[in-house]
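Predicted model only: the values in this text are computed from it and were never measured.
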Amino acid sequence: MRLQLFFFLGLSVLVSGGESSHDAERRMHPVFSLMGTGSNPIGGGRYKRAMPQIVFDAVRSEERYAEYWQGLAAQTLDQQLESKLRLNTQLARNVMLFIGDGMSIPTITAGRVYLGGEEKQFAFEQFPYVGLSKTYCANMQVADSACTATAYLGGVKANYGTIGVSAAVQFKDCQAQAQAAHHVSSIAAWAQKQGMATGLVTTTSVTHASPAGVYAHLANRNWENDAEVVGDNGDPDLCPDAAAQLINSPVGQKLNVIMGGGRENFLPKGVTDSSGAPGRRLDGRNLIDEWKNQHTNSAQYVENRRELLNLSNHTSRVLGLFAPYHMAYHLDASPAEQPTLEEMVQSAMEILERQSAGRGYFLFVEGGRIDHGHHDTLALRAIDETAEFDKAVRFARSHTSTDDTLIVVSSDHSHTMSLAGYSSRKNDIFGINDGQLAADDLPYATLSYANGPGYDSNYLREGGAVRRKNLRAINMKNKDFMFPSTVPLESETHGGDDVAVFASGPYAQLFTGVFEQHFIPHALGYASCLSDRNMCVDGGVARRPR
(Lines give C-alpha, C1' and ligand atoms only; values in the text may rest on other atoms or scores of the structure.)
Protein backbone atom coordinates (compact mmCIF):
# COMPACT_ATOMS: atom_id res chain seq x y z
CA MET A 1 0.00 0.00 0.00
CA ARG A 2 2.88 2.34 0.89
CA LEU A 3 4.58 1.63 -2.47
CA GLN A 4 1.37 2.47 -4.30
CA LEU A 5 1.13 5.73 -2.34
CA PHE A 6 4.71 6.72 -3.29
CA PHE A 7 3.99 5.84 -6.94
CA PHE A 8 0.90 8.01 -7.16
CA LEU A 9 2.60 10.85 -5.27
CA GLY A 10 5.48 10.76 -7.72
CA LEU A 11 3.14 10.59 -10.69
CA SER A 12 1.13 13.55 -9.40
CA VAL A 13 4.30 15.62 -9.09
CA LEU A 14 5.19 14.98 -12.73
CA VAL A 15 1.68 15.60 -14.01
CA SER A 16 1.33 18.81 -12.01
CA GLY A 17 4.56 20.18 -13.39
CA GLY A 18 6.50 19.57 -10.17
CA GLU A 19 9.62 18.29 -11.94
CA SER A 20 12.67 20.43 -11.11
CA SER A 21 13.05 23.11 -13.77
CA HIS A 22 16.78 22.43 -14.05
CA ASP A 23 16.19 18.69 -14.41
CA ALA A 24 13.57 19.35 -17.06
CA GLU A 25 15.94 21.57 -19.02
CA ARG A 26 18.67 18.92 -18.99
CA ARG A 27 16.21 16.27 -20.06
CA MET A 28 14.52 18.25 -22.84
CA HIS A 29 17.47 20.28 -24.10
CA PRO A 30 20.67 18.21 -23.91
CA VAL A 31 23.95 20.08 -23.92
CA PHE A 32 27.60 19.08 -24.30
CA SER A 33 28.44 16.29 -21.84
CA LEU A 34 32.14 15.57 -22.20
CA MET A 35 33.86 13.08 -19.90
CA GLY A 36 37.52 13.96 -20.13
CA THR A 37 39.88 13.22 -17.26
CA GLY A 38 43.35 14.16 -16.18
CA SER A 39 45.36 16.08 -18.73
CA ASN A 40 42.68 15.59 -21.38
CA PRO A 41 39.64 17.36 -19.89
CA ILE A 42 37.74 17.51 -23.16
CA GLY A 43 38.63 14.06 -24.47
CA GLY A 44 37.00 10.74 -23.81
CA GLY A 45 33.53 9.57 -24.64
CA ARG A 46 30.10 11.06 -24.20
CA TYR A 47 26.84 10.07 -22.62
CA LYS A 48 24.51 8.29 -25.00
CA ARG A 49 21.81 11.01 -24.89
CA ALA A 50 24.18 13.96 -24.95
CA MET A 51 25.36 16.06 -27.83
CA PRO A 52 28.93 15.64 -29.04
CA GLN A 53 31.26 18.57 -29.35
CA ILE A 54 30.39 20.02 -32.75
CA VAL A 55 32.97 22.20 -34.45
CA PHE A 56 31.21 25.06 -36.18
CA ASP A 57 32.30 24.96 -39.81
CA ALA A 58 30.73 28.13 -41.15
CA VAL A 59 29.25 28.05 -44.63
CA ARG A 60 30.80 31.47 -45.01
CA SER A 61 33.61 32.65 -42.78
CA GLU A 62 31.76 35.89 -42.14
CA GLU A 63 28.96 33.96 -40.44
CA ARG A 64 31.16 33.91 -37.34
CA TYR A 65 30.58 37.60 -36.83
CA ALA A 66 27.47 39.45 -35.68
CA GLU A 67 27.85 42.01 -38.43
CA TYR A 68 27.06 39.40 -41.07
CA TRP A 69 23.72 38.51 -39.54
CA GLN A 70 22.87 42.13 -38.88
CA GLY A 71 23.62 43.00 -42.50
CA LEU A 72 21.52 40.09 -43.72
CA ALA A 73 18.61 41.25 -41.58
CA ALA A 74 18.93 44.79 -42.94
CA GLN A 75 18.91 43.46 -46.50
CA THR A 76 15.80 41.40 -45.78
CA LEU A 77 14.12 44.42 -44.21
CA ASP A 78 14.80 46.49 -47.33
CA GLN A 79 13.33 43.75 -49.52
CA GLN A 80 10.25 43.48 -47.33
CA LEU A 81 9.66 47.22 -47.34
CA GLU A 82 10.09 47.44 -51.11
CA SER A 83 7.67 44.57 -51.80
CA LYS A 84 5.05 45.47 -49.18
CA LEU A 85 4.78 49.26 -49.40
CA ARG A 86 3.54 49.21 -53.01
CA LEU A 87 0.54 46.93 -53.41
CA ASN A 88 -0.02 45.50 -56.87
CA THR A 89 -3.70 45.94 -57.70
CA GLN A 90 -3.43 45.44 -61.45
CA LEU A 91 -5.56 42.89 -63.28
CA ALA A 92 -4.10 39.40 -63.10
CA ARG A 93 -4.38 38.66 -66.81
CA ASN A 94 -2.72 35.27 -66.29
CA VAL A 95 -3.11 33.02 -63.25
CA MET A 96 -1.00 29.97 -62.42
CA LEU A 97 -1.70 27.71 -59.46
CA PHE A 98 1.12 25.33 -58.52
CA ILE A 99 0.34 22.53 -56.07
CA GLY A 100 3.12 20.42 -54.60
CA ASP A 101 1.07 17.39 -53.60
CA GLY A 102 2.01 16.54 -50.01
CA MET A 103 4.59 19.33 -49.86
CA SER A 104 4.56 19.92 -46.12
CA ILE A 105 6.61 22.60 -44.42
CA PRO A 106 9.17 20.02 -43.20
CA THR A 107 9.46 18.86 -46.81
CA ILE A 108 10.38 22.40 -47.84
CA THR A 109 12.89 22.70 -45.00
CA ALA A 110 14.57 19.39 -45.85
CA GLY A 111 14.54 20.41 -49.49
CA ARG A 112 16.60 23.50 -48.75
CA VAL A 113 19.36 21.33 -47.29
CA TYR A 114 19.07 19.08 -50.35
CA LEU A 115 19.64 22.16 -52.51
CA GLY A 116 22.91 22.82 -50.70
CA GLY A 117 22.33 24.14 -47.20
CA GLU A 118 19.98 25.39 -44.55
CA GLU A 119 20.35 28.93 -45.84
CA LYS A 120 19.17 28.06 -49.37
CA GLN A 121 15.74 29.00 -50.71
CA PHE A 122 13.40 27.58 -53.26
CA ALA A 123 12.25 30.02 -55.92
CA PHE A 124 8.74 30.15 -54.47
CA GLU A 125 10.14 31.00 -51.03
CA GLN A 126 11.33 34.28 -52.51
CA PHE A 127 7.76 35.31 -53.28
CA PRO A 128 6.83 38.38 -51.22
CA TYR A 129 3.61 37.08 -49.65
CA VAL A 130 3.14 33.95 -47.56
CA GLY A 131 0.13 32.54 -45.71
CA LEU A 132 -1.11 29.32 -44.15
CA SER A 133 -3.96 27.22 -45.50
CA LYS A 134 -6.19 25.00 -43.32
CA THR A 135 -6.62 21.75 -45.21
CA TYR A 136 -9.30 19.67 -43.45
CA CYS A 137 -12.18 18.14 -45.44
CA ALA A 138 -15.84 18.81 -44.65
CA ASN A 139 -15.96 15.47 -42.81
CA MET A 140 -12.32 14.66 -41.94
CA GLN A 141 -9.58 16.23 -39.81
CA VAL A 142 -6.85 14.97 -42.15
CA ALA A 143 -7.56 15.54 -45.82
CA ASP A 144 -6.86 13.71 -49.06
CA SER A 145 -6.05 15.13 -52.49
CA ALA A 146 -9.67 14.85 -53.66
CA CYS A 147 -11.53 17.01 -51.16
CA THR A 148 -8.65 19.48 -51.15
CA ALA A 149 -8.74 19.82 -54.95
CA THR A 150 -12.41 20.73 -54.65
CA ALA A 151 -11.41 23.38 -52.12
CA TYR A 152 -8.44 25.06 -53.80
CA LEU A 153 -9.93 24.79 -57.32
CA GLY A 154 -13.67 25.01 -56.69
CA GLY A 155 -13.86 27.13 -53.56
CA VAL A 156 -15.98 24.64 -51.58
CA LYS A 157 -15.05 22.18 -48.81
CA ALA A 158 -16.07 18.62 -49.76
CA ASN A 159 -16.08 15.14 -48.28
CA TYR A 160 -13.01 12.92 -48.20
CA GLY A 161 -12.51 11.04 -51.47
CA THR A 162 -14.90 13.16 -53.56
CA ILE A 163 -13.98 15.62 -56.31
CA GLY A 164 -15.84 18.61 -57.73
CA VAL A 165 -18.99 18.02 -55.72
CA SER A 166 -20.36 19.56 -52.54
CA ALA A 167 -20.44 17.82 -49.17
CA ALA A 168 -24.02 16.74 -50.00
CA VAL A 169 -22.35 13.92 -51.95
CA GLN A 170 -21.09 11.01 -49.85
CA PHE A 171 -18.23 8.79 -50.95
CA LYS A 172 -19.28 6.37 -53.76
CA ASP A 173 -22.81 7.84 -54.00
CA CYS A 174 -23.37 7.63 -57.76
CA GLN A 175 -26.95 8.92 -57.58
CA ALA A 176 -25.82 12.06 -55.74
CA GLN A 177 -22.94 12.59 -58.16
CA ALA A 178 -25.40 12.62 -61.04
CA GLN A 179 -27.32 15.57 -59.63
CA ALA A 180 -26.08 18.79 -61.22
CA ALA A 181 -27.14 20.76 -58.15
CA HIS A 182 -24.28 19.10 -56.26
CA HIS A 183 -21.62 19.94 -58.84
CA VAL A 184 -18.93 22.48 -57.98
CA SER A 185 -17.38 24.35 -60.89
CA SER A 186 -13.64 25.02 -60.82
CA ILE A 187 -11.75 28.22 -61.47
CA ALA A 188 -10.86 26.72 -64.86
CA ALA A 189 -14.57 26.77 -65.72
CA TRP A 190 -14.79 30.37 -64.50
CA ALA A 191 -11.81 31.29 -66.71
CA GLN A 192 -13.27 29.57 -69.77
CA LYS A 193 -16.48 31.58 -69.42
CA GLN A 194 -14.36 34.73 -69.72
CA GLY A 195 -12.68 33.45 -72.87
CA MET A 196 -9.35 32.64 -71.22
CA ALA A 197 -7.15 29.77 -72.37
CA THR A 198 -6.82 26.99 -69.80
CA GLY A 199 -4.62 24.01 -69.08
CA LEU A 200 -3.40 21.44 -66.59
CA VAL A 201 -0.02 19.81 -66.10
CA THR A 202 0.79 17.02 -63.64
CA THR A 203 3.36 14.32 -62.99
CA THR A 204 0.57 11.91 -62.00
CA SER A 205 -2.17 10.54 -64.21
CA VAL A 206 -4.27 13.37 -65.64
CA THR A 207 -7.27 11.55 -64.14
CA HIS A 208 -5.81 11.54 -60.63
CA ALA A 209 -7.43 13.40 -57.73
CA SER A 210 -5.69 16.77 -58.03
CA PRO A 211 -5.94 17.39 -61.80
CA ALA A 212 -9.45 15.92 -61.87
CA GLY A 213 -10.51 18.84 -59.68
CA VAL A 214 -10.08 21.05 -62.76
CA TYR A 215 -12.81 19.36 -64.83
CA ALA A 216 -14.55 16.44 -63.06
CA HIS A 217 -17.42 15.76 -60.65
CA LEU A 218 -16.85 12.43 -58.90
CA ALA A 219 -18.25 10.67 -55.85
CA ASN A 220 -15.13 8.51 -55.77
CA ARG A 221 -11.65 9.71 -56.66
CA ASN A 222 -10.79 6.16 -57.79
CA TRP A 223 -13.29 6.28 -60.65
CA GLU A 224 -10.56 7.14 -63.14
CA ASN A 225 -11.98 4.75 -65.77
CA ASP A 226 -15.32 3.00 -66.24
CA ALA A 227 -14.01 -0.33 -64.93
CA GLU A 228 -13.55 1.31 -61.53
CA VAL A 229 -17.12 2.61 -61.58
CA VAL A 230 -18.48 -0.82 -62.47
CA GLY A 231 -16.33 -2.37 -59.75
CA ASP A 232 -18.16 -0.25 -57.17
CA ASN A 233 -21.56 -1.29 -58.61
CA GLY A 234 -21.98 2.13 -60.20
CA ASP A 235 -23.46 3.00 -63.56
CA PRO A 236 -20.85 4.57 -65.90
CA ASP A 237 -23.63 6.11 -68.00
CA LEU A 238 -25.08 7.83 -64.94
CA CYS A 239 -21.71 8.54 -63.31
CA PRO A 240 -19.07 8.93 -66.01
CA ASP A 241 -15.47 8.31 -64.96
CA ALA A 242 -12.72 10.93 -64.84
CA ALA A 243 -11.21 10.07 -68.23
CA ALA A 244 -14.60 10.24 -69.93
CA GLN A 245 -15.32 13.58 -68.27
CA LEU A 246 -11.94 14.94 -69.35
CA ILE A 247 -12.72 14.17 -72.97
CA ASN A 248 -16.45 14.95 -73.04
CA SER A 249 -17.28 17.46 -70.29
CA PRO A 250 -17.63 21.14 -71.23
CA VAL A 251 -14.54 22.09 -69.22
CA GLY A 252 -12.45 19.15 -70.41
CA GLN A 253 -13.25 19.74 -74.07
CA LYS A 254 -12.13 23.37 -73.84
CA LEU A 255 -8.79 22.73 -72.16
CA ASN A 256 -5.94 23.86 -74.40
CA VAL A 257 -3.32 21.89 -72.49
CA ILE A 258 -3.57 18.45 -70.86
CA MET A 259 -0.24 16.89 -69.83
CA GLY A 260 0.70 14.07 -67.50
CA GLY A 261 0.34 10.30 -67.38
CA GLY A 262 -2.65 7.97 -67.53
CA ARG A 263 -2.90 6.40 -71.00
CA GLU A 264 -4.42 3.20 -69.58
CA ASN A 265 -7.56 5.05 -68.47
CA PHE A 266 -8.23 6.24 -72.03
CA LEU A 267 -7.74 2.93 -73.85
CA PRO A 268 -10.03 -0.14 -73.96
CA LYS A 269 -9.01 -3.56 -72.74
CA GLY A 270 -7.35 -5.49 -75.51
CA VAL A 271 -5.52 -2.40 -76.78
CA THR A 272 -1.98 -1.65 -75.68
CA ASP A 273 -0.19 1.68 -75.66
CA SER A 274 3.25 2.43 -77.11
CA SER A 275 4.96 0.88 -74.07
CA GLY A 276 2.93 -2.33 -74.31
CA ALA A 277 0.74 -1.52 -71.31
CA PRO A 278 -2.92 -2.58 -71.71
CA GLY A 279 -5.91 -0.29 -71.56
CA ARG A 280 -8.40 -0.63 -68.73
CA ARG A 281 -11.70 0.54 -70.20
CA LEU A 282 -14.66 -1.84 -70.44
CA ASP A 283 -16.78 0.27 -72.79
CA GLY A 284 -14.55 -0.35 -75.81
CA ARG A 285 -13.93 3.36 -76.30
CA ASN A 286 -10.57 4.80 -77.30
CA LEU A 287 -10.77 8.22 -75.71
CA ILE A 288 -7.47 9.34 -77.19
CA ASP A 289 -8.90 8.86 -80.69
CA GLU A 290 -12.10 10.60 -79.60
CA TRP A 291 -10.05 13.61 -78.45
CA LYS A 292 -8.22 13.71 -81.80
CA ASN A 293 -11.51 13.62 -83.71
CA GLN A 294 -13.01 16.43 -81.61
CA HIS A 295 -10.35 18.96 -82.51
CA THR A 296 -8.73 20.40 -85.61
CA ASN A 297 -5.41 19.51 -87.18
CA SER A 298 -3.72 22.11 -84.97
CA ALA A 299 -4.43 19.88 -81.96
CA GLN A 300 -1.62 17.43 -81.26
CA TYR A 301 -1.38 14.22 -79.23
CA VAL A 302 2.12 13.43 -77.89
CA GLU A 303 3.57 10.55 -75.85
CA ASN A 304 7.24 11.37 -75.26
CA ARG A 305 9.70 14.19 -74.67
CA ARG A 306 10.84 14.42 -78.29
CA GLU A 307 7.29 14.84 -79.58
CA LEU A 308 6.55 17.47 -76.95
CA LEU A 309 9.64 19.55 -77.65
CA ASN A 310 9.03 19.36 -81.40
CA LEU A 311 5.48 20.69 -81.29
CA SER A 312 4.65 23.16 -84.03
CA ASN A 313 4.33 26.83 -83.15
CA HIS A 314 0.83 26.59 -84.59
CA THR A 315 -0.33 24.02 -82.03
CA SER A 316 -3.61 25.19 -80.48
CA ARG A 317 -4.20 22.23 -78.15
CA VAL A 318 -2.10 19.40 -76.81
CA LEU A 319 -2.93 16.12 -75.11
CA GLY A 320 0.29 14.72 -73.71
CA LEU A 321 0.09 11.33 -72.00
CA PHE A 322 3.62 10.28 -71.13
CA ALA A 323 3.05 7.09 -69.13
CA PRO A 324 0.52 4.26 -68.75
CA TYR A 325 -0.36 5.61 -65.30
CA HIS A 326 1.76 7.98 -63.22
CA MET A 327 4.90 9.42 -64.77
CA ALA A 328 8.16 8.03 -63.42
CA TYR A 329 9.93 9.70 -60.54
CA HIS A 330 12.54 12.15 -61.77
CA LEU A 331 15.27 9.92 -60.27
CA ASP A 332 14.03 6.96 -62.36
CA ALA A 333 12.95 8.65 -65.58
CA SER A 334 14.64 8.25 -68.94
CA PRO A 335 15.66 11.80 -69.92
CA ALA A 336 15.22 10.92 -73.60
CA GLU A 337 11.66 9.63 -73.15
CA GLN A 338 10.01 11.57 -70.35
CA PRO A 339 9.84 15.37 -70.21
CA THR A 340 10.54 17.12 -66.94
CA LEU A 341 7.84 19.09 -65.18
CA GLU A 342 9.70 22.26 -66.13
CA GLU A 343 9.64 21.30 -69.82
CA MET A 344 5.92 20.53 -69.68
CA VAL A 345 5.23 23.90 -68.05
CA GLN A 346 7.33 25.69 -70.65
CA SER A 347 5.40 24.09 -73.52
CA ALA A 348 2.09 24.73 -71.77
CA MET A 349 2.83 28.42 -71.27
CA GLU A 350 3.80 28.86 -74.92
CA ILE A 351 0.53 27.32 -76.12
CA LEU A 352 -1.64 29.17 -73.61
CA GLU A 353 -0.07 32.52 -74.38
CA ARG A 354 -0.66 32.02 -78.11
CA GLN A 355 -4.24 30.86 -77.61
CA SER A 356 -5.23 33.46 -75.02
CA ALA A 357 -5.83 36.14 -77.68
CA GLY A 358 -4.98 38.81 -75.15
CA ARG A 359 -7.54 37.60 -72.61
CA GLY A 360 -5.05 35.70 -70.49
CA TYR A 361 -4.89 32.12 -69.28
CA PHE A 362 -5.27 29.86 -66.26
CA LEU A 363 -2.78 27.03 -65.73
CA PHE A 364 -2.89 24.38 -63.02
CA VAL A 365 0.39 22.61 -62.30
CA GLU A 366 0.89 19.70 -59.91
CA GLY A 367 4.10 18.13 -58.66
CA GLY A 368 2.16 15.02 -57.78
CA ARG A 369 4.81 12.47 -56.92
CA ILE A 370 6.09 14.31 -53.84
CA ASP A 371 3.08 12.73 -52.18
CA HIS A 372 3.85 9.23 -53.46
CA GLY A 373 7.41 9.36 -52.19
CA HIS A 374 6.17 10.26 -48.72
CA HIS A 375 3.51 7.52 -48.70
CA ASP A 376 6.28 4.94 -49.20
CA THR A 377 8.58 6.80 -46.74
CA LEU A 378 11.00 7.31 -49.63
CA ALA A 379 12.16 10.70 -48.40
CA LEU A 380 14.92 11.06 -51.00
CA ARG A 381 12.45 10.67 -53.85
CA ALA A 382 9.89 13.00 -52.25
CA ILE A 383 12.40 15.77 -51.72
CA ASP A 384 13.96 15.39 -55.17
CA GLU A 385 10.46 15.73 -56.63
CA THR A 386 10.10 18.94 -54.61
CA ALA A 387 13.28 20.30 -56.17
CA GLU A 388 11.94 19.45 -59.65
CA PHE A 389 8.65 21.14 -58.81
CA ASP A 390 10.53 24.28 -57.84
CA LYS A 391 12.34 24.35 -61.20
CA ALA A 392 8.94 24.62 -62.89
CA VAL A 393 7.91 27.45 -60.58
CA ARG A 394 11.20 29.25 -61.22
CA PHE A 395 10.71 29.03 -64.97
CA ALA A 396 7.14 30.30 -64.78
CA ARG A 397 8.03 33.28 -62.61
CA SER A 398 11.15 34.23 -64.57
CA HIS A 399 9.29 34.11 -67.90
CA THR A 400 6.28 36.21 -66.88
CA SER A 401 5.76 39.68 -65.50
CA THR A 402 4.64 40.33 -61.94
CA ASP A 403 2.64 43.22 -63.42
CA ASP A 404 0.03 40.95 -65.01
CA THR A 405 0.67 37.34 -63.93
CA LEU A 406 -0.32 36.00 -60.52
CA ILE A 407 1.47 32.82 -59.41
CA VAL A 408 0.38 31.00 -56.26
CA VAL A 409 2.28 28.00 -54.90
CA SER A 410 0.89 25.75 -52.20
CA SER A 411 0.19 22.17 -51.18
CA ASP A 412 -3.01 20.21 -50.81
CA HIS A 413 -2.05 18.60 -47.49
CA SER A 414 0.97 17.71 -45.41
CA HIS A 415 2.62 14.42 -44.43
CA THR A 416 3.99 12.92 -41.22
CA MET A 417 7.68 13.34 -42.03
CA SER A 418 9.59 15.32 -39.43
CA LEU A 419 13.07 16.76 -39.30
CA ALA A 420 14.40 16.25 -35.80
CA GLY A 421 17.45 16.12 -33.58
CA TYR A 422 20.47 18.33 -33.07
CA SER A 423 22.56 17.83 -36.18
CA SER A 424 25.32 20.21 -37.09
CA ARG A 425 25.05 22.55 -40.05
CA LYS A 426 25.52 20.88 -43.41
CA ASN A 427 24.91 17.41 -42.00
CA ASP A 428 23.55 15.07 -44.69
CA ILE A 429 19.78 15.55 -44.58
CA PHE A 430 19.32 11.92 -45.67
CA GLY A 431 21.80 10.59 -43.15
CA ILE A 432 22.21 9.95 -39.46
CA ASN A 433 21.58 12.68 -36.92
CA ASP A 434 25.11 13.61 -35.83
CA GLY A 435 24.13 15.40 -32.62
CA GLN A 436 22.71 12.66 -30.44
CA LEU A 437 22.46 8.94 -29.85
CA ALA A 438 19.16 7.39 -28.83
CA ALA A 439 18.54 5.68 -25.50
CA ASP A 440 19.34 2.31 -27.11
CA ASP A 441 22.89 3.51 -27.94
CA LEU A 442 22.07 3.59 -31.66
CA PRO A 443 21.99 6.58 -34.01
CA TYR A 444 18.74 7.76 -35.55
CA ALA A 445 17.81 9.38 -38.84
CA THR A 446 17.30 13.13 -39.10
CA LEU A 447 14.21 12.43 -41.22
CA SER A 448 11.57 10.01 -39.97
CA TYR A 449 7.85 9.42 -40.26
CA ALA A 450 5.11 9.04 -37.66
CA ASN A 451 3.82 5.99 -39.52
CA GLY A 452 4.35 3.98 -42.67
CA PRO A 453 6.17 1.03 -44.25
CA GLY A 454 9.55 2.26 -43.03
CA TYR A 455 8.82 0.52 -39.74
CA ASP A 456 9.39 -2.96 -41.14
CA SER A 457 12.61 -2.02 -42.92
CA ASN A 458 14.19 -0.43 -39.84
CA TYR A 459 13.28 -2.81 -37.00
CA LEU A 460 14.40 -6.32 -36.15
CA ARG A 461 12.39 -8.97 -34.31
CA GLU A 462 14.46 -11.36 -32.26
CA GLY A 463 13.05 -13.77 -29.68
CA GLY A 464 9.85 -11.81 -29.36
CA ALA A 465 11.70 -8.54 -28.83
CA VAL A 466 11.75 -5.64 -31.27
CA ARG A 467 14.82 -3.47 -31.67
CA ARG A 468 16.03 -0.91 -34.18
CA LYS A 469 18.54 -1.64 -36.90
CA ASN A 470 21.90 0.10 -36.78
CA LEU A 471 21.61 2.79 -39.45
CA ARG A 472 25.41 2.96 -39.73
CA ALA A 473 25.23 -0.33 -41.61
CA ILE A 474 22.59 0.89 -44.09
CA ASN A 475 23.01 2.97 -47.24
CA MET A 476 20.47 5.70 -46.48
CA LYS A 477 21.36 7.53 -49.70
CA ASN A 478 19.85 4.71 -51.75
CA LYS A 479 16.79 6.21 -53.44
CA ASP A 480 14.80 3.12 -52.43
CA PHE A 481 15.64 3.34 -48.73
CA MET A 482 12.49 3.59 -46.64
CA PHE A 483 13.07 6.04 -43.82
CA PRO A 484 12.12 4.94 -40.30
CA SER A 485 8.55 5.24 -39.10
CA THR A 486 7.13 4.82 -35.61
CA VAL A 487 3.86 3.03 -36.40
CA PRO A 488 3.76 0.16 -38.91
CA LEU A 489 1.40 0.89 -41.79
CA GLU A 490 1.32 -0.31 -45.37
CA SER A 491 1.26 3.31 -46.52
CA GLU A 492 2.25 6.41 -44.60
CA THR A 493 -0.64 8.80 -43.98
CA HIS A 494 -1.18 12.44 -44.72
CA GLY A 495 -0.75 14.98 -41.94
CA GLY A 496 -3.39 17.40 -40.72
CA ASP A 497 -1.20 20.45 -40.17
CA ASP A 498 -1.55 23.65 -42.17
CA VAL A 499 0.39 24.09 -45.42
CA ALA A 500 2.16 27.17 -46.70
CA VAL A 501 0.85 29.39 -49.52
CA PHE A 502 3.31 31.55 -51.47
CA ALA A 503 2.13 34.30 -53.84
CA SER A 504 3.66 36.73 -56.33
CA GLY A 505 1.98 39.13 -58.75
CA PRO A 506 -1.29 41.10 -58.84
CA TYR A 507 -3.22 40.88 -55.57
CA ALA A 508 -0.68 38.46 -54.09
CA GLN A 509 -1.28 40.31 -50.81
CA LEU A 510 -4.60 38.48 -50.50
CA PHE A 511 -2.74 35.28 -49.65
CA THR A 512 -1.46 36.30 -46.22
CA GLY A 513 -2.55 35.24 -42.77
CA VAL A 514 -4.25 31.97 -41.89
CA PHE A 515 -7.25 31.05 -44.00
CA GLU A 516 -9.42 28.15 -45.10
CA GLN A 517 -8.12 26.33 -48.15
CA HIS A 518 -11.32 26.95 -50.11
CA PHE A 519 -10.56 30.69 -50.00
CA ILE A 520 -7.76 30.25 -52.55
CA PRO A 521 -9.80 30.18 -55.82
CA HIS A 522 -11.99 33.03 -54.62
CA ALA A 523 -8.90 35.18 -54.17
CA LEU A 524 -7.54 34.04 -57.53
CA GLY A 525 -10.88 34.86 -59.11
CA TYR A 526 -10.96 38.31 -57.58
CA ALA A 527 -7.45 39.11 -58.78
CA SER A 528 -8.31 38.03 -62.33
CA CYS A 529 -11.90 39.36 -62.41
CA LEU A 530 -13.48 35.91 -62.48
CA SER A 531 -15.37 36.09 -59.21
CA ASP A 532 -18.78 37.56 -58.49
CA ARG A 533 -17.09 40.31 -56.49
CA ASN A 534 -15.16 41.74 -59.42
CA MET A 535 -14.30 45.33 -60.23
CA CYS A 536 -13.78 44.75 -63.91
CA VAL A 537 -15.05 46.18 -67.15
CA ASP A 538 -15.25 44.63 -70.61
CA GLY A 539 -15.64 41.07 -69.37
CA GLY A 540 -12.47 41.04 -67.33
CA VAL A 541 -10.01 42.65 -69.76
CA ALA A 542 -9.45 45.69 -67.55
CA ARG A 543 -9.93 46.62 -63.92
CA ARG A 544 -11.72 49.66 -62.62
CA PRO A 545 -9.57 51.91 -60.42
CA ARG A 546 -10.14 51.36 -56.71
Can you see which heavy atom on [X] is nearest to which on [Y], and at what distance?
X	Y	value
Leu406	Ala527	CD2-CB, 3.7 Å
Val365	Leu341	CG1-CD1, 4.0 Å
Gly199	Leu352	N-CD2, 4.1 Å
His326	Ala323	O-CB, 3.4 Å
Ala188	Val251	CB-CG1, 4.4 Å
Asp480	Asn478	N-OD1, 2.8 Å

Sequence-distant partners of [X], side chain to side chain donor-acceptor pair (under 3.5 Å), two or more places apart:
X	result
Asn427	Ser423
His518	none
Lys479	Asp332
Asn159	none

Do any N or O atoms from the side chain of [X] and from the backbone of [Y] form a donor-acceptor pair under 3.5 angstrom?
X	Y	result
Glu388	His330	no
Arg369	Met327	yes
Lys469	Ser457	yes
Ser418	Ala420	no
Thr203	Gly368	yes
Ser485	Tyr449	no
Asp376	Glu492	no
Arg305	Glu343	no
Lys157	Ser166	no
Thr402	Gly505	no

Item to complete: Could you walk me through whether Phe502 and Phe124 pass ring-ring contact (aromatic ring centres under 6.0 Å, His included), step by step?
Response: CA-CA 6 Å; Phe502 306 87; Phe124 55 79; 5.0 Å; yes
State, with a plain yes or no, whether a side-chain heavy atom of [X] is found less than 4.5 Å away from one of [Y].
X	Y	value
Asp384	Tyr329	no
Asp144	Arg221	yes
Thr446	Ile429	yes
Leu442	Leu471	no
Leu132	Ile105	yes

Going by distance alone, is a donor N or O of one side chain under 3.5 Å from an acceptor N or O of the other, for [X] and [Y]?
X	Y	answer
Thr148	Gln517	no
Ser104	Thr107	yes
Arg64	Ser61	no
Glu516	Tyr136	yes
His494	Asp412	no

Item to complete: State which residues pass ring-ring contact (aromatic ring centres under 6.0 Å, His included) with Tyr114; sequence neighbours excluded, sorted by chain then number.
Response: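 Tyr114: ring-ring contact (aromatic ring centres under 6.0 Å, His included) contacts with Phe430.
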Worksheet item: Are His375 and His415 close enough, and set up right, to give a ring-ring contact (aromatic ring centres under 6.0 Å, His included), and what steps lead you there?
Response: CA-CA 8 Å; His375 277 304; His415 273 273; 4.8 Å; yes
Discussion item. Would you call the rings of His399 and Phe395 parallel, tilted or perpendicular, taking 30° and 60° as the class edges?
Written reply: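 The rings of His399 and Phe395 lie parallel, inter-plane angle below 30°.
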Residues forming a salt bridge (charged side-chain N to carboxylate O under 4.0 Å, His left out) with [X], sequence neighbours excluded:
X	answer
Arg93	Glu353, Asp404
Glu228	Arg280
Lys120	none
Arg112	Glu125

Worksheet entry | cation_pi(Arg468, Tyr459) dist<6.0 Å, angle<=45 | no
Between [atom1] on residue [X] and [atom2] on residue [Y], distance to nearest 0.5 Å:
X	Y	atom1	atom2	answer
Gln245	His217	CD	NE2	6.5 Å
Leu524	Leu530	CG	CG	9.0 Å
Tyr129	Ser83	OH	OG	5.5 Å
Asp371	Thr204	CG	OG1	9.5 Å
Ile407	Phe98	CD1	CZ	5.5 Å
Leu200	Thr202	CG	OG1	7.5 Å

Discussion item. Taking OH in Tyr65 as the centre, count heavy atoms belonging to other residues, nucleotides or ligands within less than 6.0 Å. Is the count above 12?
Written reply: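 No, the 6.0 Å shell around OH holds no more than 12 heavy atoms from other groups.
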Item to complete: Any pair with a residue in residues 495-509 that passes salt bridge (charged side-chain N to carboxylate O under 4.0 Å, His left out), sequence neighbours left out, goes on the list, sorted by first then second residue, please.
Response: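 Those involving residues 495-509 do not exist here.
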Worksheet item: Per the side-chain contact (heavy atoms from CB on, under 4.5 Å) rule, which among Cys137, Ser133, Ser145 passes with His413?
Response: Ser145
Item to complete: Please collect all ring pair (Phe, Tyr, Trp, His ring centres under 6.0 Å) contacts where either partner lies in residues 466-491, sequence neighbours excluded, each pair once.
Response: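 Pairs touching residues 466-491 that pass the test: Phe481-Phe483.
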Would you mind writing out the side-chain donor-acceptor pairs for residues 206-213 within the sub-3.5 Å range, not counting sequence neighbours?
residue, atom, partner, partner atom, Å
Thr207, OG1, Ser205, OG, 2.7
Thr207, OG1, Glu224, OE1, 2.6
Thr207, OG1, Asn265, ND2, 3.0
Ser210, OG, Asp101, OD2, 3.2
Ser210, OG, Glu366, OE2, 2.9

Item to complete: Using a strict cut-off of less than 4.0 Å between a Lys/Arg side-chain nitrogen and an Asp/Glu carboxylate oxygen, indicate whether Glu119 and Arg425 qualify as a salt bridge.
Response: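 Counted as a salt bridge, because a side-chain N and a carboxylate O are separated by less than 4.0 Å.
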Practice prompt. Dump the intermediate steps for ring-ring contact (aromatic ring centres under 6.0 Å, His included) on Tyr507 and Tyr526, then the final yes or no.
Written response: CA-CA 8 Å; Tyr507 281 94; Tyr526 182 82; 5.3 Å; yes
